[in-house]
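Heavy atoms only: backbone and side chains are in, while hydrogens, waters and symmetry mates are out. Naming convention: chains lettered A, B, ... in sequence-line order (proteins, then strands); numbering from 1 in each chain.
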Protein chains: 2
Amino acid sequence: MINIGILSRQADISAKTIRYYESVGLMPEPARGGNGYRQYTEMDLETLRFIRRARDLGFSVKEVGDLMKLWHDRNRASADVRAIALNHIDEIEQRISKLKSIRRTLINLTERCHGDDRPDCPILDDLVKGESAETRWLRDSPRKG
Amino acid sequence: MINIGILSRQADISAKTIRYYESVGLMPEPARGGNGYRQYTEMDLETLRFIRRARDLGFSVKEVGDLMKLWHDRNRASADVRAIALNHIDEIEQRISKLKSIRRTLINLTERCHGDDRPDCPILDDLVKGESAETRWLRDSPRKG
DNA sequence: CCAAACCCTCTAGTATAATGGAAGGTAACC
DNA sequence: GGTTACCTTCCATTATACTAGAGGGTTTGG
């Protein structure tokens, strides 16, 4: 069992923020010592690191909460949890492909404007337009009957 | 040339928010008609869609601004822009792999807890932990300097 | 013993990212 | 010419996610 300060250093999240996460239900209420100090376990550290990872990726506290629920509620109604998890996985995969799309936009930028001072670089005209190069196939190929 | 309402509908972003983006420098100041109405072009629509994509992915307004700069400043100092773009691409790739890590966490959840009511499901013990290699945690950190 | 470094709760303030509403001008249609 | 749907600016408010500070108790070490 460790105090909040140690946990704070281990997860690189301030003690204030840890208490805040507790107040909004992201972190569970920990056991208390006789002195009233919060007593954390190794699992709390992992939880906090999970939260940190997800927050860093731009998931809102509420969204992280949803992911956390999946994670903590895994002991009961596993079938439901599994379904919800698959849903979240799907959303994350969409997110990944959108990121890939933005990456592709930027890569095209660097490839088209390859270090000289050419005045035009028609990225907008054919790349960002229509969502991205990655989705241009939507226009050009049928893909679905 | 289109008015803000049309642009708003095309990009699925409220007129209020478009003006807000203008006020914080994300959207360029558009031309004005004789009536003072904002006059937008096709490119503004693309710009707005780029902003929307990036914001949806959790990039802050400032970060989106950085991406926008790359995009709009491509006409001058292409070499520098290229370097900065490569940097951003790198960051985005890191982001993608972090997302993949979270996805892996969730996939493992569904695989381990495969729909029955088994009480334990040792995801924490070997999965989320694996992300951060420093699990030499409880070896009592120094508490005083 | 006492100071420094912890910890506690509670309230308030900040930054970000919008969103709402007032007050009024403009454009389109009947 | 009136009504409705636009548009304008400016100021206020909301929601989210912390962050700071007051005021006070606890633990550790010289």
#### Entry: Atom-pair distance (CG on A:L7; P on C:dC8), nearest Å
11 Å
### B:D44 versus B:T47, side-chain donor and acceptor atoms under 3.5 Å
no
#### Entry: Atom-to-atom span, CD1 of B:I4 to C1' of D:dA5 - whole angstrom
15 Å
### Task
Rounded to the nearest angstrom, tell me the gap between atom NZ in A:K16 and atom C1' in C:dT9.
10 Å
### Task
Quick one: label A:S60 by what it contacts on the DNA or RNA (base, sugar-phosphate, nothing), any heavy atom closer than 4.0 Å.
sugar-phosphate
### Any A:R32 side-chain nitrogen or oxygen under 4.0 Å from OP1 or OP2 of C:dC7
no
### Query
From D:dT9, C:dC8, C:dA17, pick the nucleotide closest to the side chain of B:Y20?
C:dA17
### Task
Compare all side-chain heavy atoms of B:M68 with those of B:F50 and state whether any distance is below 4.5 angstrom.
yes
Give every donor-acceptor pair under 3.5 Å between a side-chain atom in residues 5-13 of chain B and any protein atom, sequence neighbours left out.
{"residue": "B:S8", "atom": "OG", "partner": "B:I13", "partner atom": "O", "Å": "2.7"}
{"residue": "B:D12", "atom": "OD2", "partner": "B:R52", "partner atom": "NH2", "Å": "3.2"}

### Task
Taking only Lys NZ, Arg NE, NH1 and NH2, and the carboxylate oxygens of Asp or Glu, determine whether B:R38 and B:E29 approach each other closer than 4.0 Å.
no
### Interatomic distance where CD belongs to B:Q39 and P belongs to D:dT8 [whole Å]
9 Å
### Spacing of B:E22 atom CD relative to D:dC7 atom P, expressed in whole Å
14 Å
### Task
Return the value, rounded to whole Å, for the distance between atom CZ of A:R19 and atom C1' of D:dA20.
12 Å
#### Entry: Under 4.0 angstrom between B:R38 side-chain N/O and D:dC6 OP1 or OP2
no
### Summary
Looking only at C:dC7, D:dC18, C:dA17, the nucleotide nearest the A:Y37 side chain is C:dC7
### Query
Please give, in whole Å, the distance from D:dA17 C1' to A:M27 CE?
16 Å
### Task
Nearest-nucleotide wise, let me know which of B:R55 and B:G34 is further upstream toward the 5' end of DNA chain C.
B:R55
### Query
B:K62 has an atom NZ; how far is it from atom P of C:dA17, in whole Å?
11 Å
### Query
Between B:D56 and B:R53, is the closest basic N to carboxylate O distance under 4.0 Å?
no
### Task
With the side chain of A:T17 defined as its heavy atoms from C-beta on, choose the nearest nucleotide among C:dA17, D:dT19, D:dT8.
D:dT19
### Message
Side chain of A:N35, heavy atoms from C-beta onward: which of D:dT26, C:dC8, D:dT8 has the nearest atom to it?
### Response
D:dT26
